[in-house]
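Read the structure below first, then the notes.
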Amino acid sequence: MPDVTRFAPSPTGYLHLGHVFSACYAYHRAGSGGRFLLRIEDIDQTRCQDSYANALIDDLAWLGLSWEHPVRYQSQHLGAYRLALEQLEDQELIYPCFCTRSDIMREVGDIHRAPHGPYGLLYPGTCRSLPRHESERRRESGVPYALRLDVQAALRRAGPLSWRDGRRGLVGVPTDGLGDVVLARKDTPTSYHLAVTLDDALQGVTLVTRGEDLFQATHVHRILQALLDLPVPQYHHHPLLLDPQGRRYAKRDRSVTIRSLRAAGASPRDILAMVDGKG
Ligand code: GLU
């Protein structure tokens with residue numbers, strides 16, 4: 001069966017060679033019989049800009065990629081994420097967390113000894129056991145909060161879970177070390193984890209391709225699929241494209257944006273040659 005794949009950048013900067021590698025990977029995996037989608041992951045309005053979204057669409061088209069229309073902009077679908085969040089709230093698997101970063105630091109004590117997950121310090125669970133009336137009181141008082149998934153409770157509900165990665169085969173979801181991830185904030189009804197999981201299901205994506213820096217995030221997505229009764233796609237986490245110094249491309253490294261390469265006279269063919277067969 002041909003696959004439905006997608007490239008899902010966050011418009012927080014100009015497209016760089018690492019993005020092009022990832023986009024081309026997804027594009028080619030859809031092949032001529034499949035479908036390739038582009039999704040703009042612009043939930044974080046403090047970091048995302050329309051001008052970056054427009055620029056990356058323009059760069060991808062200039063490179064010769066094409067995708068189905070309309071492009072899904074996550075910022076236009078907040079209602080869908082809110083509904084999913086309500087489903088999780090109904091299952092009593094979400095709790096409000098009022099901790100600031102300094103509260104968390106104080107709670108964990110020695111930061112170097114505190115448990116870390118793949119994306120940094122694990123939340124110590126301070127607000128998980130707040131009595132309901134106390135959470136309600138704080139919520140009503142207007143203080144900012146995040147909504148966290150009670151991962152242990154979620155895993156107990158879902159039972160053992162696994163997913164399939166194209167390079168590593170069957171991967172089991174670990175029962176600890178994930179931490180209670182943030183799924184939403186007071187004013188934003190979703191986070192990366194919830195939005196990406198829901199959208200891949202709503203858009204019928206059958207093969208999720210992305211960089212291996214997001215490998216561990218897939219455990220969280222698999223848990224959400226189980227809780228929300230969503231289909232489970234195949235995954236392929238590809239190696240990250242490295243620059244000649246062996247460092248991963250990053251948005252802060254302006255020299256390698258497609259914009260700057262275009263301005264310096266590079267053709268689409270030149271740029272595609274830079275990512276061809278890499279990773
Ligand atoms: N929006 C994410 C990023 O730009 C990628 C999401 C994904 O491919 O799952 O890092």
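When a ligand or atom number is given, it counts from 1 through the structure's own listing order. As the structure is a computational prediction, the values presented were derived from the model and not from experiment.
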For [X], counting its heavy atoms only, list the atoms of ligand 1 lying under 4.0 Å from any of them.
X    : result
R6   : 7 (C), 8 (O), 9 (O)
E41  : 1 (N), 2 (C), 5 (C), 6 (C)
R210 : 7 (C), 8 (O), 9 (O)

Practice item. Using the ring-ring contact (aromatic ring centres under 6.0 Å, His included) rule, take Y192 and H221 through it: C-alpha gap first, then chi angles, then the decisive distance, then the call. Key: CA-CA 10 Å; Y192 162 66; H221 305 173; 5.4 Å; yes
Review point. Is the number of heavy atoms from other residues, nucleotides or ligands under 6.0 Å of H112 NE2 greater than 12?
Key: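 Open.
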Any ion pair linking [Y] and [X] (charged N to carboxylate O, less than 4.0 Å)?
X    : Y    : value
R248 : D213 : yes
R259 : D58  : yes
R82  : E86  : no

**Study point:** Short N or O distance, S10 and ligand 1, threshold 3.5 Å exclusive
**Key:**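 Yes - when backbone and side-chain N and O of S10 are compared with those of ligand 1, one distance drops under 3.5 Å.
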Review point. Does an N or O anywhere in V196 fall below 3.5 Å from an N or O of ligand 1?
Key: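 No, since none of the N or O atoms of V196 sits under 3.5 Å from an N or O of ligand 1.
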**Study point:** Per-residue contact class, H221 against ligand 1 - non-hydrogen pairs under 4.0 Å
**Key:**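 Under 4.0 Å from ligand 1, H221 contributes no heavy atoms.
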Review point. Is it the side chain (CB and beyond), the backbone, both or neither of F7 that lies under 4.0 Å from ligand 1, heavy atoms counted?
Key: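 It is neither; nothing of F7 touches ligand 1.
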Point to revise | Intermediate values then yes/no, salt bridge (charged side-chain N to carboxylate O under 4.0 Å, His left out), R6 and E41 | key: CA-CA 12 Å; R6 74 344 181 241; E41 302 213 320; 5.3 Å; no
